[in-house]
Amino acid sequence: MTLKASIASAINTFFHSEREGIDLSNKIVLNSTRKEFDGDYTLVVFPFSKMAKKSPQDTAEAIGEYLKENVEIIEDFNVIKGFLNLSLKQEHWTKVLTDLSTSEEITIPKKDKKVIVEFSSPNTNKPLHLGHIRNILLGWSISKILKSAGYDVLNTQIVNDRGIAVCKSMLAWQLYGDGETPESSGIKGDHLIGKYYVIFSKKIKEEYAQWQKSEEGSRVKAEQIKDGEEASVFFKRYENTYFNEYSKLGLQAKEMLQKWEQNDTEIRALWKKMNDWVYAGFEITYNNLGVHFDKLYYESDTYLLGKDIIEEELKVNQFYKKDDGSVWMDLEDVGLDHKLVLRSDGTSVYMTQDIGTAEKRYENHGAEKMIYVVGNEQDYHFKALFEILKKLGRPYADGLYHLSYGMVDLPSGRMKSREGTVVDADDLMNEVIGEAAKNASEREIQLDIPEAEKTEINRKVGMAALKYFILKVNPKKRMVFDPKESVDMKGDTGPYIQNAFVRIQSILRNYGDEIPTYTKGYTDIKEIEKELLVLLDGYPRVIEEAAAQYDPSQIASFSYQLAKTYHRFYNDVRILKAESEEAKSFRLNLCRVIGIKLAHSMDLLGVEMPEKM
RNA sequence: GGUCCCGUAGCUCAGCUGGAUAGAGCAGCUCACUUCUAAUGAGCAGGCCUCAGGUUCGAAUCCUGACGGGAUCACCA
């Protein structure tokens, strides 16, 4: 039984609460005692003061007496201003350590529930960038956390491999590519495609500029410009219409999309060839990020899904049809608008697809929970999607969750691909690894490490810096990233935590032998050692909380706290030269379990630990 | 304009279902490596927790309303 549970049960007895049919356990607030006061844990007694019909001070005294008598592991107590500070017996701490040493697995009960986590979901017309990195790291981490919290997890992504954007890249390559391939150019596949996407944008910009000066352009402007509107403002506003109605390139791209939809052999072949280049490129990026997927969905397979559900449900009046043939659902009763689910020409929209894919995934995998890792600009869409599925009475509707995260901004503001301010994922990873290498070269300790091993260490350290930097921030918040300042490696960072682990490994190496299990005899457990044990003891609850809130930043906080306390411990006490054999044995075991938990928690963030650095 | 998210030190962020004097890191200034890895530790300095009300024994935390920032409100995805 945990300490909290023991106290809860004692308090219930103390107040005879079962006689009244109430349970006081949810009123129990138990914190670790602040450094300035004596004690290990602190119970807040204000909630009980009224029930006891005594002042907080007297209530605390009374509860303290009772707990000391009736809870085995409580050694003593003191009361300060309505806070009951409890000290635990030495045996408690010894037991925490031996429990941790004997069972290395985190003991969280299996939930026996299947979860699908969808993340990344890139477009195949350009390479991944910093925004994707946040998405991918969040998705990967939350998947790991859920697994660790006892769920059965499946990672998936939906590859947006079709549509007008993809055709733009294809067309540009056809027109200006001169047969260029990743092999011929030495450019990574996704970057090559991205290059042609940019070329398309450039060409259409030129074409548009020409058109603005042409007879037709002047005429349209004269006809449609608002009073007092600047020409430049008008043309910016008119861009989409131009693309759809006047642009030659736009027309060609749209024709290409039509041919694609009609399964035109030549276009499909080109499409497949170019997508394969992109996938090869993505594969490299995913590998470098250390993530993988269990199941891929392709938009080219799923974009027609959902229509039949809508036809079916239309019959039982879940949807309604307007005169023009378009199909809608009324979501006003849940505070949203009317939402289009089928165009007047009968073709599907984004929402249609998402309804279909959710259904299909449920059929395929029977998952009770589905987590969509998607940026917060789509909050409205997912709210609507979930409401629609609820109204359709889908069994999985209550298990849907949109893990919405804020944008990654540059100090200058939002990243814009048109302005070339997008931070490329591959470049960024190379940069942080380079930074790690630079820092390492200034350290003497690495001199005798072979070159190949150094490279591997730098990779781990650089990636840790990047991943931790991104995951330590609460997902909901938008975050600022300054590519010029690169990523820190000191203080509250990934490498700092790795360093704690490395120090532990170094000690274990220096000790040489297998560490003997700690039995007993160390009677003078220090405050800092208790602090470490309190942290370790609370780890399973941290995981459950992070899983419940879909928030990796809580794991990051824990890892930092543990590493920080360890560094302090390392500076305060000798381990291999401890004052007694008992102390040495205790501390070596403590080091070992801390190493295990550090590695475990960082693994939940997708961070690898080096043995040396 | 409607809806949603965010607002804590110069900067980047913690602060759990309300609990003791609001915590870290970076940047700035001191100090500590013949020692188990100094990518470390100890210290100094830095705060009308955006503002105003309300609930409470107690509010950075909950509620309401302002203000500031962002997103979204397409027969785009």
Side-chain angles (χ1 to χ4, degrees), chain A residues 26 29 31 33-34 36-37 42 44-47 49-50 55-56 80-83 85 123 160 162-165 240 299 303 322 324-328 335-337 340-345 347-351 353-354 375-381 383 404 406-407 409 411 413-414 436 439-440 442-446 461 465 469 472-474 476-482 485 488-500 502-511 541-542 545 549 551 553-554 556-557 560-561 564 566-568 570-578 587 591 612-613:
Chain A
N26 59 354
V29 179
N31 302 318
T33 304
R34 290 183 152 233
E36 323 71 281
F37 304 105
T42 298
V44 183
V45 296
F46 289 102
S49 163
K50 215 174 263 175
S55 72
I80 296 165
K81 297 203 300 192
F83 293 89
N85 301 321
N123 299 319
N160 299 303
R162 62 165 286 279
I164 194 73
N240 271 337
E299 199 199 348
Y303 81 109
K322 282 191 182 172
D324 63 5
S326 58
V327 181
W328 300 72
L336 305 175
D337 296 329
L340 176 86
V341 291
L342 222 49
R343 291 195 189 101
S344 48
D345 63 3
T347 59
S348 52
V349 287
Y350 186 33
M351 188 60 82
Q353 270 183 65
D354 270 2
N376 64 5
E377 72 269 22
Q378 293 194 36
D379 284 357
Y380 187 85
H381 170 78
K383 219 180 254 183
S404 156
M407 297 288 101
D409 288 329
R414 207 171 167 171
N439 285 359
E442 291 160 8
R443 311 184 71 215
E444 290 166 21
I445 193 99
Q446 279 210 353
V461 172
F469 178 83
K472 77 169 175 176
V473 181
N474 184 304
K476 273 199 167 63
K477 287 196 173 177
R478 64 185 263 263
M479 59 185 292
V480 179
F481 180 86
D482 191 344
E485 290 200 0
D488 270 325
M489 311 247 166
K490 288 179 178 162
D492 184 5
T493 67
Y496 173 95
I497 298 163
Q498 289 178 317
N499 187 230
V502 162
R503 284 178 147 184
I504 291 170
Q505 299 319 302
S506 175
I507 288 175
L508 299 183
R509 268 197 309 273
N510 286 335
Y511 180 75
R541 264 155 285 142
V542 174
E545 197 55 28
Q549 313 221 340
D551 180 7
S553 73
Q554 299 188 20
S557 276
Y560 176 61
Q561 205 56 47
K564 188 176 159 65
Y566 182 78
H567 279 307
R568 200 146 50 81
Y570 182 90
N571 273 276
D572 283 1
V573 306
R574 304 283 83 192
I575 296 157
L576 290 173
K577 291 177 192 156
R587 285 177 196 156
C591 284
K612 295 177 187 169
M613 66 192 282

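All values below come from the heavy atoms of this structure, side chains included, with hydrogens, waters and symmetry mates left out. Computed from a predicted structure; not experimentally measured. By convention in this document, chain letters (A, B, ...) are assigned in the order of the sequence lines, proteins followed by strands, and residues within each chain are numbered from 1.
The phosphate of B/A38 (OP1 or OP2) has a side-chain N or O of A/R503 nearer than 4.0 angstrom. For A/K477 and B/A14, the shortest distance from a side-chain N or O to OP1 or OP2 is below 4.0 Å.
In this structure, the side chain of A/R343 does not engage the main chain of A/V349 through any donor-acceptor pair within 3.5 Å.
Residue whose closest nucleotide on RNA chain B sits further toward the 5' end, between A/L340 and A/N439: A/N439. Where A/Y350 and A/I80 meet RNA chain B, the nucleotide closest to each residue was compared, and A/I80 sits on the side nearer the 5' end.
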Short N/O separations, protein against nucleotides 67-72 of chain B, under 3.5 angstrom:
unit_1	atom_1	unit_2	atom_2	d
B/A71	OP1	A/R414	NH1	3.2

Can you give me the N/O atom pairs linking the protein to nucleotides 23-30 of chain B at distances under 3.5 Å, or say none if there are none?
unit_1	atom_1	unit_2	atom_2	d
B/A24	O2'	A/Y560	OH	2.7
B/G25	O2'	A/D492	N	3.3

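Nearest heavy-atom pair, A/W328 versus A/V341, reported as atom, atom and distance to 0.1 Å: N-CG2, 4.2 Å. Pairing each heavy atom of A/L340 with each of A/L342, the nearest pair is CD1-O, 3.3 Å. A/R503 and A/N571 get closest at one heavy-atom pair: NH1-ND2, 4.0 Å.
Using a 4.0 Å heavy-atom criterion, one finds that A/V573 contacts the bases of the nucleic acid, with or without backbone contacts as well. Residue contacts for A/V502: at a heavy-atom cut-off of 4.0 Å it reaches a base atom on one of the strands shown. Nucleic acid contact class of A/Y570 (heavy atoms, under 4.0 Å, all strands): base. Using a 4.0 Å heavy-atom distance criterion, A/V542 is classed as making no nucleic acid contact. Nucleic acid contact for A/D354: none, since no nucleic acid atom lies under 4.0 Å from a heavy atom of the residue. If you check every strand for non-hydrogen atoms under 4.0 Å, A/R574 touches a base. Contacts of A/S326 with the nucleic acid, taken as non-hydrogen atoms under 4.0 Å apart, include base atoms. Nucleic acid contact class of A/A440 (heavy atoms, under 4.0 Å, all strands): base.
Minimum atom distance to the side chain of A/N510 is reached by B/C36, of the listed B/A20, B/C36, B/G19. Nearest nucleotide to the A/K476 side chain, out of B/A42, B/C73, B/C6: B/C6. Distance from the side chain of A/V44 is smallest to B/G19 among B/A14, B/G19, B/A20. You'll find that the side chain of A/N571 is closest to B/G41, out of B/G41, B/A20, B/A77. Comparing B/A14, B/C13, B/G41 against the side chain of A/M479 picks out B/C13 as the nearest.
The aromatic ring of A/F46 does not stack onto the base of B/G58, failing the criterion of a centre distance under 5.5 Å from the six-membered base ring together with planes under 30° apart. Residue ring and nucleobase are not stacked for A/F83 and B/G19 under a centre distance beneath 5.5 angstrom and an angle between planes beneath 30°.
When the side-chain contact (heavy atoms from CB on, under 4.5 Å) test is applied to A/R478, the partners found at least two apart in sequence or on another chain are A/D409. Residues passing the salt bridge (Lys or Arg N to Asp or Glu O under 4.0 Å) test with A/E545: none are found, sequence neighbours excluded. When the side-chain contact (heavy atoms from CB on, under 4.5 Å) test is applied to A/N240, no partner is found at least two apart in sequence or on another chain.
With no hydrogens or angles considered, a side-chain donor-acceptor pair links A/D379 and A/S404 at under 3.5 Å.
Distance noted for atom P between B/A27 and B/A66: 42 Å (whole Å). Across B/A22 and B/C48, the matching P atoms stand 13 Å from one another, rounded to whole Å. The gap from the C1' atom of B/G10 to that of B/G46 amounts to 9 Å, rounded to the nearest Å. Only the P atoms considered, B/A59 is 16 Å distant from B/C63, to the nearest whole Å. Distance noted for atom P between B/C26 and B/C73: 41 Å (whole Å). Rounded to whole Å, the C1' atom of B/G15 lies 15 Å from the corresponding atom of B/G7. Nucleotides B/A9 and B/A24 have their C1' atoms positioned 11 Å apart, rounded to a whole Å.
Not a single donor-acceptor contact under 3.5 angstrom links the side-chain atoms of A/D572 to the base of B/A42. Counting distance only, with no hydrogens placed and no angle test, the side-chain atoms of A/S553 and the base atoms of B/A14 include no donor-acceptor pair under 3.5 Å.
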Dot-bracket pairing map - RNA chain B, Watson-Crick plus G-U, both contacts under 3.5 Å, | cross-strand: (((((((..((((.....[...)))).(((((.......))))).....(((((..]....))))))))))))....
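Atoms OG1 and CZ, from A/T42 and A/F37 in turn, are 8.0 Å apart once rounded to the nearest 0.5 Å. Rounded to the nearest 0.5 angstrom, A/D337 CG and A/Y380 OH are separated by 3.5 Å. Summarising the geometry, atom CD1 belonging to A/I497 is positioned 10.0 Å from atom CD belonging to A/Q561; distances are rounded to the nearest 0.5 Å.
With contacts defined as side-chain heavy-atom distances shorter than 4.5 Å, the pair A/L508/A/Q505 qualifies. Side-chain atoms of A/I507 and A/R587, non-hydrogen and from C-beta on, never get closer than 4.5 Å to each other.
Tested against A/Y496, the residues A/F469, A/Y566, A/Y560 include a single ring pair (Phe, Tyr, Trp, His ring centres under 6.0 Å) partner, A/Y560.
Distance CD (A/E545) to C1' (B/A14): 15 Å, rounded to an integer number of Å. If you take CZ of A/F469 and C1' of B/U12, they are 7 Å apart, rounded to a whole angstrom. Regarding A/R343, its CZ atom lies at a distance of 10 Å from the C1' atom of B/A77, rounded to whole Å. The interatomic distance linking A/I497 (CD1) with B/C13 (C1') rounds to 14 Å, in whole Å. When rounded to the nearest whole Å, the span between CD of A/Q498 and P of B/A38 equals 16 Å. One interatomic measurement links the two molecules: CD of A/Q554 to P of B/C13, which rounds to 17 Å at whole-angstrom precision. Between A/H381 atom NE2 and B/C4 atom P the separation is 19 Å, expressed in whole Å. Between A/Q561 atom CD and B/G15 atom P there is a gap of 12 Å when expressed in whole angstrom units.
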Full working for side chain to side chain contact (heavy atoms under 4.5 Å, CB included) between A/N376 and A/K476: CA-CA 8 Å; A/N376 64 5; A/K476 273 199 167 63; over 6 Å; no
